[in-house]
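Working notes, beginning with the structure itself.
Keep in mind that this is a model prediction, so the values were computed, not measured.
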Amino acid sequence: MMKKQPAQWLLSAASVGIAGIILTQSYGTAVAETNTGSFVQTPEQKVTTRQVAALLDRSHYLNQPLDSKTGSEILSMYIDSLDPNHTLFLQSDVDELKKKHAEDFGARLKQGDLSAGVEVFDRYRKRSNEYFAMATKMLKTDIDLTGNDTIILDREKLGHFKTKKEQRDYWERQLKFQLMSITLGQEDEKAKEKVFLSNPDITRGQDLVRNDERTPNEILQNRLSRQQEQFKRLKDDEIMETILNTAMLTYDPHSNYYAPIQATELQIQSSLQLEGIGVSIRPDRKNPDYTRIVTLVDGGPAAKSGQIKPNDLIVGIAKDGETMTDVVGWSTREIVSLIRGKRGTSVTLKLRQPNTPDASARTVTVVRDIIQQEESGVTQRVVEVQRPNIDKTPKRIGVLEIPSFYLNYRARRNGEDYRSVSIDTEKALKELNKQNIDGLVVDLRNNPGGSLDEVAKMLGFFIKSGPLVQIRDNRGNIQVYRDNDGGEQLYDGKMSVITNLASASASEIFAAAIQDYGRGLVVGSTTTGKGSAQIQLDSLALGSATLTQRKFYRVTGGSTQNKGVVPDVELVNIYDDATFGERAQKKALPWDTIRTAPYKPEGTFTSDTLATLNQQSKIRQQKNPQFTYLSTLNDIRNMDDEKKPVRLDINSRRAKMQLIEKRSLEAENKRLIATGERPYSNWNTYQAAMDAKFEERSRMKAAERPELPEDEAFINEAAYLMLSAEPKTMLSPEEKL
């Protein structure tokens, strides 16, 4: 995701003026009054609602009016956002609310009236309380965890229940499944702790035993009680946020509204003096009970640990050495309050990847610190690669790892010394050039983007001259960023760029330009597809907002939006395309094209060359123990399809989990044996050893931490491909652009 950027490049002066006029505009459409109970809108809330409605109606990139049709879409999306699994609202609720409010929902927002949205929320609260009451009563009984009943966990594509009996039946089965999962998780946790106690050497001197004596019923009741308490603590501004944010998300996934408390949180997260661990979080889209880690702040303790990854689900937190607290069902605000603390104190997170068994959850202890966003920026190193039967001596390959396209804008604006990705890259390239490298691998995996100015400067180091990226605003005006340094290149040798599904925004601009100019190969997997830019609006009556107003296009005219950058050579994709990236988002802006910007490629890879490279790479990947391991994990991940019926029998479920565990262990042991290492005797020993290794690794300094072999496999393969690729030269040495 493109990080917050200064308005200087995100929005033209003319647009700022127009936006200011719109924000003071009022609408006079008449709408019916609705009784919304205890929620009484303040004047500031009414003004804020009108401001957000006006922005969407007049200033969004889509130029889509907030008319009755759009208002109806907002209402539908709002209902789905509150109840994404279609288990709380009855079909009669949906029919009633849409009949009553669909026609004038948009008009109400323009008038500053939240009453229709509040009524929907009140119905949601009522149904939720009915669920809490039923669950509390049911959890006081002995629940048989065996039988032949089934449940479909992912009901997003299914309809709402027509009767309360159907609904209650599902609720009961849902509770049964949750109890089964907790019970099996406890069994695995106790087995792992038994390994720690019987084999103290495996802990490497660390206290890793977490003794939880609660019953599954008690754990689940605690989760439900917390959710109920969250409802009681909700403020009117937070309810307003759910309504207005849904309205913005109906236009695109990156237009957002933040209530005052969230707006303040955003400001804290963007501060260079934040004391915490440096992660951004949000409720998991498929299961809002879980909180997902979205991104890691460069240089933050979480990123330095090397054990916390984007997409991790937070299932437990132990604050400052206290007992581990189960946080499934907690709000993001409550989780933030547990994670954040004074510099030098520690916090322990219990994490697991989506679609993995609870037994695979790992614990990571992180010491809070002042987060310097650019503290851990560009890094460079040299690796030696020797192709069998081709290279007589190893080739020296420079590796440039770019975590984001960062820029300390505040320091630059104040005339102070500042760090930026282009400054650090320039230093790194000069150092690598001194070492007479035979090629360069630029690693953009998990790079979320950053400054457009910085990515343009970066491209200038590699490309002779010409347009770099095109930007179209919501009025159709096209701006072209160019490299006009007269053909100067800081590095003109062979290169390849590694991308994955978490490479977004500015990293996609970089990869696209390198690909379009034929300067190097792009290898890995297709990028996120986040090809839009947002303005930051802090002048609302309450809170703040981001609004999509621009879209990025390659020099060839194709957008990076939605489609992303497709690599020249495909490597194993470690992410789930169905749940991660722009293409998995609702209301994502479409891919489209504009005119090509006149440019001259420096080289090109023919289709025959790319076909040969892909074929050779596929053979190597099939033989490489690291790639086969990652491919196997992908297959294992797909074994548990939440769209298919799951049998509600703990013995059947235990057998399924044991099969997943068995195949996961087999994959790990096959990798270990292939690389000359000792395999693990059983799943519990493997999990215990992983916990101990993760904990030990997290305590190492970043410079001391060895590279993970599965990560290095991508570096080596990118180097092989680059050395084997011979682009057809498009320009003679005498030609000038």
Task: ring-ring contact (aromatic ring centres under 6.0 Å, His included) partners of Y257, counting only residues at least two apart - done: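 Listed in chain order: nothing, the list is empty.
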Partners meeting side chain to side chain contact (heavy atoms under 4.5 Å, CB included) with [X] (sequence neighbours left out):
{"X": "I293", "value": "V279, I281, L296, I308, D312, I314, L351"}
{"X": "N446", "value": "N500, A502, Y575"}
{"X": "K46", "value": "Q41, R50"}

Suppose we screen for side chain to side chain donor-acceptor pair (under 3.5 Å). Which residues come up paired with [X], at least two apart in sequence or across chains?
{"X": "S72", "result": "none"}
{"X": "K587", "result": "none"}
{"X": "T527", "result": "E508"}
{"X": "E582", "result": "H254, Q561"}

Contacts of [X] that satisfy salt bridge (charged side-chain N to carboxylate O under 4.0 Å, His left out) - sequence neighbours left out:
{"X": "D577", "answer": "none"}
{"X": "D252", "answer": "none"}
{"X": "K457", "answer": "E454"}
{"X": "R123", "answer": "D93, E96"}

